[in-house]
Amino acid sequence: MQSKTENKTLLQKADNFSEWYNEILKRAEILDVRYPVKGVYTWYPYGYKLRNLTYSILKALMDREHEEVLFPLLIPKDELMKEKEHIKGFEDEVFWVTKGGSTDLDIPLALRPTSETAIYPVFKVWIRSHRDLPIRIYQVVNAFRYETKHTRPLIRLREITSFKEAHTAHASRADAEKQIKTAIATYQEFFDLLAVPYIITRRPNWDKFPGSEYSIAFDTLMPDGKTMQIATCHLLGESFARTFDIKYEDDDGALKFVNQTCYGISERCIAAVIALHGDDHGLVLPPEVAPIQVVIVPIVFSSKGKSEAVEKACSEVYDGLKEAGIRAFLDDSDERPGAKYYRWEMKGVPLRIEIGPRDLSSNSCVFVRRTDFQRIPVPLSDVVPEVNRAIKEIQELIHELAKETFFANIHISKCAIEDKEGMDELRRTAEHNIVSLFLCEDERCGADLEQRIGVTVLGVAINENEGDGKCIICSRKARRVYVARAY
RNA sequence: GGGGCAGUAGGGUAGCCAGGUUAUCCUCGUGGCUUUGGGAGCCAUGGACCCCAGUUCGAAUCUGGGCUGCCCCA
């Protein structure tokens, strides 16, 4: 599996993002797309390590106030169909299990497209009293959606392999709303650790999660200028509680419906890490999630009899890093150093340490950072603290670069519909940028705008207190919304 | 949702129209020797016609269906 570098040519990220993305997944051994079912893919060991490190961060954040659970993959049809609005949003993309062997099942079973209808009947049984509340649970599971549009690894899948979904139930709406705020803050922490910049918006009513009162979404900007939704938080209110009859007895003895929320993140977060930070040499992984944070490359001359000293120095450095809890790898394979450099650059290893006879003569080694290929001599005695410093710096550098690009691509528009030229320019800008403009809440205005300039309305930015303006379409009172071409 | 194109070894290609033991390249695999401060060289060698059905003496090639992928339009 660990093939030699497959291709010498550099990849052109800026020219053809789509091709770059597919090549990177293959060459860096993240995902193998050669599986004969549409929209489902195989994680390579390296990719799966990246996935697990990313999700261990997410789980640690969730574990602060949630408990991890595991609900079944199969959902009986009658449960799935209970919530009318909810099922309307999903029915065209549900996979069905209709047979057991050669026998038709009495009740067809759905492969979960999401787990509300699996979890909430159980909530009904679990919740009796206000003392049972709040309930906060999450699970990391696979989910299935029969996507009819063209599928894309990690981004548009028929099997979502890494769906982290949280579900909470509360005694009051205020508690539920508070939970949404906490969830948003947690997700902010998460994406900050991944060095992935985002905007947070409240989705328009016509685009909210089916069955919810409102949906808050995180979007990032991909290198091809389209936004990608990377997280959502939904206030469900009492709608599912009424459907699934989830009631609790309050301290005054009255039976009341619970208030619910749910929020989720999928492997799109990994697609974002890959897409945003990578360059023409391959992946650039933030040290926080890099399966290998430091690779040590020995420079060995077998003919000169110096290899033993080099090998010894490399193992000592390796042992020191391991002991310090750093994810290090010593590449003592038979390949030439140059081949190793290219390999580990492709795989996004943040820091490389080279140790050769020349370095040993001065008791030092050379650090090379993946971000800018800067070469820094470091005394062997300082390796561990210097590595710690370097990976911290690299993490910050990656984040700064990503934010810089992101915010440079958000444009404020003051355009009005009568301004023909302005609208043309807006259309061009929106091809590769996020645009902020005034739009009212009327679905017809949204649809009109989407059609005119070829964008999706992402929603009103939360935490932004800019005053009202005039809707770009109808001139009625409106708030600032973000629009962009979206994945 | 509509239309078009494609699928040949790990990755690329040619062959298909006009059916006859396929072939070729590589930064692929394997073995060997020489190498090793930015993708090593030589020699030897390995491996494929997407699946199912049909036509035919004979199918990578023709026909039909399926699966998978890509592109364009909405």
Side-chain angles (χ1 to χ4, degrees), chain A residues 1-11 15-29 31-42 44 92-93 95 146-159 224 279-283 295-311 313-314 317 330-347 349 351-362 364-370 372-378 427 431 447-448 450-456 485-486:
Chain A
M1 160 134 12
Q2 185 71 51
S3 64
K4 284 184 184 163
T5 317
E6 288 178 67
N7 202 314
K8 265 184 196 168
T9 54
L10 290 183
L11 298 160
D15 295 355
N16 190 340
F17 169 69
S18 212
E19 196 182 321
W20 176 91
Y21 181 73
N22 288 327
E23 275 292 308
I24 286 285
L25 290 177
K26 180 171 71 185
R27 291 200 209 173
E29 295 184 313
L31 220 56
D32 196 329
V33 301
R34 296 171 300 181
Y35 192 82
V37 178
K38 182 180 165 71
V40 313
Y41 308 97
T42 305
Y44 278 110
D92 288 338
E93 47 187 63
F95 276 97
Y146 184 75
E147 294 287 351
T148 51
K149 287 180 186 154
H150 106 259
T151 50
R152 209 186 271 270
L154 302 179
I155 295 173
R156 189 173 296 280
L157 303 155
R158 283 191 170 177
E159 181 184 7
D224 58 0
D279 63 18
D280 291 357
H281 289 259
L283 284 184
V295 64
I296 303 159
V297 177
I299 314 295
V300 179
F301 294 87
S302 57
S303 57
K304 294 181 187 168
K306 287 179 179 170
S307 62
E308 215 171 283
V310 170
E311 279 165 22
C314 286
V317 167
L330 171 55
D331 187 354
D332 55 2
S333 65
D334 288 337
E335 276 178 302
R336 298 159 74 90
K340 295 180 187 179
Y341 301 162
Y342 280 99
R343 148 111 42 78
W344 298 113
E345 280 162 15
M346 176 57 66
K347 292 200 162 186
V349 175
L351 184 66
R352 175 172 82 234
I353 301 180
E354 302 172 13
I355 304 178
R358 200 193 296 157
D359 310 298
L360 284 189
S361 63
S362 60
S364 67
C365 59
V366 176
F367 279 20
V368 184
R369 313 202 295 189
R370 176 62 182 86
D372 50 13
F373 301 107
Q374 203 183 95
R375 301 176 68 87
I376 312 157
V378 173
R427 189 188 176 91
E431 267 178 44
D448 191 355
E450 290 188 352
Q451 205 256 321
R452 275 171 198 270
I453 62 171
V455 293
T456 299
R485 291 199 305 145

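Model, not experiment: these values are computed from the prediction. To find a chain, count down the sequence lines: A is the first, B the second, and so on, and within it residues start at 1.
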Could you tell me how far [M] sits from [N] if I compare only their [atom1] atoms? Round to whole Å.
{"N": "B:G12", "M": "B:U63", "atom1": "C1'", "result": "30 Å"}
{"N": "B:U27", "M": "B:A74", "atom1": "C1'", "result": "42 Å"}
{"N": "B:G7", "M": "B:G46", "atom1": "P", "result": "27 Å"}
{"N": "B:G38", "M": "B:A44", "atom1": "P", "result": "30 Å"}
{"N": "B:A48", "M": "B:U8", "atom1": "C1'", "result": "6 Å"}
{"N": "B:U30", "M": "B:G66", "atom1": "C1'", "result": "37 Å"}
{"N": "B:U55", "M": "B:G64", "atom1": "P", "result": "15 Å"}
{"N": "B:G11", "M": "B:U36", "atom1": "C1'", "result": "26 Å"}

Between A:Phe95 and A:Tyr146, how do the two ring planes meet: parallel, tilted or perpendicular, split at 30° and 60°?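 Correct class here is perpendicular.
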Let me know the distance between [atom1] of [X] and [atom2] of [N], rounded to the nearest Å.
{"X": "A:Asn16", "N": "B:C70", "atom1": "CG", "atom2": "P", "answer": "12 Å"}
{"X": "A:Arg27", "N": "B:C28", "atom1": "CZ", "atom2": "P", "answer": "12 Å"}
{"X": "A:Ile355", "N": "B:G37", "atom1": "CD1", "atom2": "C1'", "answer": "13 Å"}
{"X": "A:Glu147", "N": "B:U68", "atom1": "CD", "atom2": "P", "answer": "14 Å"}
{"X": "A:Glu29", "N": "B:C28", "atom1": "CD", "atom2": "C1'", "answer": "13 Å"}
{"X": "A:Gln451", "N": "B:C73", "atom1": "CD", "atom2": "P", "answer": "15 Å"}
{"X": "A:Arg152", "N": "B:G69", "atom1": "CZ", "atom2": "P", "answer": "13 Å"}
{"X": "A:Lys38", "N": "B:C70", "atom1": "NZ", "atom2": "P", "answer": "7 Å"}

Would you kindly say whether A:Thr42 and A:Arg34 are connected by a side-chain donor-acceptor distance under 3.5 Å?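 No, no side-chain donor-acceptor pair sits under 3.5 Å.
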When you look at A:Arg352 and A:Arg375, which way does the side-chain contact (heavy atoms from CB on, under 4.5 Å) test go after all the steps? CA-CA 10 Å; A:Arg352 175 172 82 234; A:Arg375 301 176 68 87; 4.3 Å; yes
Any strand: nucleotide that pairs with [N] via Watson-Crick or wobble, under 3.5 Å:
{"N": "B:A9", "value": "none"}
{"N": "B:G64", "value": "B:C52"}
{"N": "B:C70", "value": "B:G4"}
{"N": "B:G46", "value": "B:C28"}
{"N": "B:U36", "value": "none"}
{"N": "B:U22", "value": "B:A14"}

Which nucleotide in the set [options] lies at the smallest distance from any side-chain heavy atom of [X]?
{"X": "A:His150", "options": "B:C71, B:G11, B:G37", "value": "B:C71"}
{"X": "A:Arg352", "options": "B:G37, B:G38, B:G69", "value": "B:G38"}
{"X": "A:Tyr41", "options": "B:C70, B:G69, B:G38", "value": "B:G69"}
{"X": "A:Thr151", "options": "B:C71, B:G69, B:U68", "value": "B:G69"}
{"X": "A:Tyr341", "options": "B:G1, B:G11, B:G38", "value": "B:G38"}

Need one value for A:Gly454: base, sugar-phosphate or nothing, where a base atom within 4.0 Å counts as base even if backbone is also close, heavy atoms only.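 No contact.
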May I ask you to say whether A:Arg370 pairs ionically with A:Glu345, meaning some side-chain N is under 4.0 Å from a carboxylate O?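 A salt bridge is absent here (no side-chain N lies under 4.0 Å from a carboxylate O).
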Are any of A:Arg34's side-chain N or O atoms less than 4.0 Å away from OP1 or OP2 of B:G11?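 So the side chain of A:Arg34 is within the cut-off, an N or O lying under 4.0 Å from OP1 or OP2 of B:G11.
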A:Arg336 side chain N/O closer than 4.0 Å to the phosphate oxygens (OP1, OP2) of B:A40?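 So the side chain of A:Arg336 is within the cut-off, an N or O lying under 4.0 Å from OP1 or OP2 of B:A40.
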B:G38 base to A:Glu345 side chain: any donor-acceptor pair below 3.5 Å?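 For A:Glu345, whose side chain was compared with the base of B:G38, there is a donor-acceptor pair (under 3.5 Å).
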Within the 4.5 Å heavy-atom criterion, are A:Val40 and A:Thr151 side-chain neighbours or not?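 Heavy-atom side-chain distance check fails, nothing below 4.5 Å.
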Does some side-chain heavy atom of A:Pro357 sit less than 4.5 Å from a side-chain heavy atom of A:Val310?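 Yes; the side chains approach each other to less than 4.5 Å.
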Using heavy-atom distances to pick each residue's nearest nucleotide on RNA chain B, tell me which of A:Thr148 and A:Asn22 is more 5'.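 Per heavy-atom nearest nucleotide, the more 5' residue is A:Thr148.
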Relative to the 5' end of RNA chain B, which residue comes earlier, A:Ser18 or A:Pro337, by the nucleotide with the nearest heavy atom?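 It is A:Pro337, whose closest nucleotide lies nearer the 5' terminus.
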Does A:Arg158 reach the main-chain N or O of A:Glu147 with its side chain, forming a donor-acceptor pair under 3.5 Å?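 At least one qualifying donor-acceptor pair exists.
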